[in-house]
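Note that this is a predicted model, so its numbers are computed, not measured. Each chain gets a letter, A, B and so on, in the order its sequence line appears, and its residues count up from 1. For the numbers below, each heavy atom of this structure counts, side chains included, while hydrogens, waters and symmetry mates do not.
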2 protein chains.
Amino acid sequence: MPERRARKDAVRNRAAVFAAADTLFTDCESPDDVTMADIAAAAGVGKGTLFRAFGDRAGLIRALYAARLEPVEEAVEAGPPPLGPGTPPLQRVPALLDALLCFKLDNRHLALALEGSGSGSPYRAAHYERWHTLLRTMLEGLPGLPDSGFAAHALLAAVRADLVEHLAGEERVPREVMRSQLADCTAAFIGSPRDPE
Amino acid sequence: MPERRARKDAVRNRAAVFAAADTLFTDCESPDDVTMADIAAAAGVGKGTLFRAFGDRAGLIRALYAARLEPVEEAVEAGPPPLGPGTPPLQRVPALLDALLCFKLDNRHLALALEGSGSGSPYRAAHYERWHTLLRTMLEGLPGLPDSGFAAHALLAAVRADLVEHLAGEERVPREVMRSQLADCTAAFIGSPRDPE
DNA sequence: TGTAGAAGCGGACCCCGGGTCCGCATTCTA
DNA sequence: TAGAATGCGGACCCGGGGTCCGCTTCTACA
């Protein structure tokens with residue numbers, strides 16, 4: 001299989017771009033005052049290199065996002081309860097949403113950049129599809145719930161990046177408050193730990 | 001009060017731009033392949049006129065959106081039940097969400113353009129604030145519900161333009177199906193017509 | 001180690017869309 | 001009807017994403 005090994009400088013440059021972009025997005029005010037030229041400059045690299053490595057802006061952002069997301073996916077796929085598999089939905093659904101919320105809080109600009117990346121709706125991203133499928137599957141096991149596909153969409157919509165950003169940034173809702181509010185809402189929806197009167 | 005009357009040609013042109021933009025957005029594939037130059041051309045007007053009348057692209061979109069939304073606001077503020085005032089929250093909340101869903105279905109591109117308009121998050125729009133306040137107020141009267149502010153955000157997130165667009169466009173969910181799914185979800189959340197066991 | 005040629009580099013360049021500007025036309029006021 | 005004020009419009013600017021191609025650097029093979 002003639003998949004030739006990548007050249008050393010190529011991997012080095014790719015890594016440099018990756019690191020530069022990561023810090024730039026972390027430190028910026030808003031994701032779209034981080035320009036491709038900025039990234040190239042910060043990485044000490046030409047624009048051509050950058051586009052060769054990642055295709056386009058969206059590709060770069062996806063790559064960064066995926067890298068940051070990896071630990072979460074790991075934890076969901078093979079981690080311990082309550083996130084990992086083998087946990088009953090009543091605990092796992094809130095745990096998943098909480099994890100996503102925390103992730104977006106920790107990676108605000110990146111998530112914002114991804115979800116708002118031009119015309120590409122967030123709903124075409126591969127990882128969205130995965131969360132949605134997982135969530136829907138879990139919801140299906142729950143009694144008294146409506147169409148689980150739509151419900152999964154609705155729950156995921158509650159942790160969308162720009163909403164999270166708005167709450168954290170504009171309304172200055174502290175992290176823990178937000179987490180508990182989300183937990184309460186989730187509980188109200190899937191109807192678990194509200195003690196039955 | 002020296003607010004001089006606007007010139008005849010000015011109002012005429014403003015109207016022309018308005019109409020042209022409206023049809024363009026309605027007929028387009030995606031809101032961002034309708035360009036400001038296109039609108040000006042379609043209205044038979046120079047770009048300068050267009051920008052003078054509406055400030056910038058976002059302003060124009062807001063104006064269009066507001067015009068389309070007006071009937072809905074009317075119905076909510078002073079219409080008959082279940083949308084109008086004086087309806088108990090248990091019916092009015094679902095009615096409001098349903099109305100919003102229908103609105104977004106009927107004005108997909110416009111809503112998409114508004115919510116995705118560049119850096120401006122949907123959460124800064126004036127009308128969002130109004131829906132949120134109204135919804136929160138209604139939710140406050142309901143028993144067993146968590147923080148109504150967050151809950152209101154979450155419910156509104158379920159009818160966001162790009163989600164609606166995705167469901168209607170990509171997944172080809174028919175209008176009535178979507179409405180009933182939303183209704184079911186709302187019911188599950190505010191906990192109304194699930195008959196108590 | 002030398003060398004051929006592929007793989008990659010980089011920044012000048014292009015394109016396109018939002019937004020501005022200013023000389024000219026139109027409309028209001030006296 | 002003269003003059004001022006207001007508005008018109010399209011040439012123009014700017015900035016960012018994306019491309020291109022002559023040159024450099026690495027690798028494979030001897």
Self-check item: Contact pattern, 5' to 3', of nucleotides 9-18 of chain C - B, S or - by protein heavy atom under 4.0 Å
Solution: SBB-----SB

When the side chains of residues 153-160 of chain B are checked against the rest of the protein, which donor-acceptor pairs come out under 3.5 Å, sequence neighbours left out?
residue	atom	partner	partner atom	Å
B/His153	ND1	B/Tyr128	OH	2.7
B/His153	NE2	B/His132	NE2	3.2
B/Arg160	NH1	A/Asp162	OD1	2.8
B/Arg160	NH1	A/Asp162	OD2	3.3
B/Arg160	NH1	B/Tyr123	OH	3.1
B/Arg160	NH2	A/Asp162	OD2	2.7

Exercise. Scan for side chain to side chain donor-acceptor pair (under 3.5 Å) pairs involving residues 81-104 of chain B, sequence neighbours excluded, and state none if there are none.
Key: B/Asp98-B/Arg179, B/Lys104-B/Glu115

Exercise. Any pair with a residue in residues 48-60 of chain A that passes side chain to side chain donor-acceptor pair (under 3.5 Å), sequence neighbours left out, goes on the list, sorted by first then second residue, please.
Key: none

Quiz item: Please give, in whole Å, the distance from C/dT20 P to B/Phe54 CZ?
Solution: 16 Å

Exercise. Under the side-chain contact (heavy atoms from CB on, under 4.5 Å) rule, collect the residues that match up with A/Glu140, sequence neighbours excluded.
Key: A/Arg136, A/Ser148

Practice problem: Check side-chain contact (heavy atoms from CB on, under 4.5 Å) between B/Thr35 and all other residues, then give those that pass, not counting sequence neighbours. | Solution: B/Ala37, B/Asp38

Interface polar pairs with nucleotides 1-4 of chain C, N/O, under 3.5 angstrom:
none

Quiz item: Mind checking what makes ring-ring contact (aromatic ring centres under 6.0 Å, His included) contact with B/Phe103, not counting sequence neighbours?
Solution: B/Tyr65

Quiz item: Can you name the nearest heavy-atom pair linking B/Phe54 to B/Ala63, along with the distance?
Solution: CE2-CB, 3.8 Å

Quiz item: What salt bridge (Lys or Arg N to Asp or Glu O under 4.0 Å) pairs are there with at least one residue in residues 11-29 of chain A, not counting sequence neighbours?
Solution: A/Asp22-A/Arg68

Self-check item: Contact nearer the 5' end of DNA chain C, comparing B/Gly55 with B/Lys8
Solution: B/Gly55

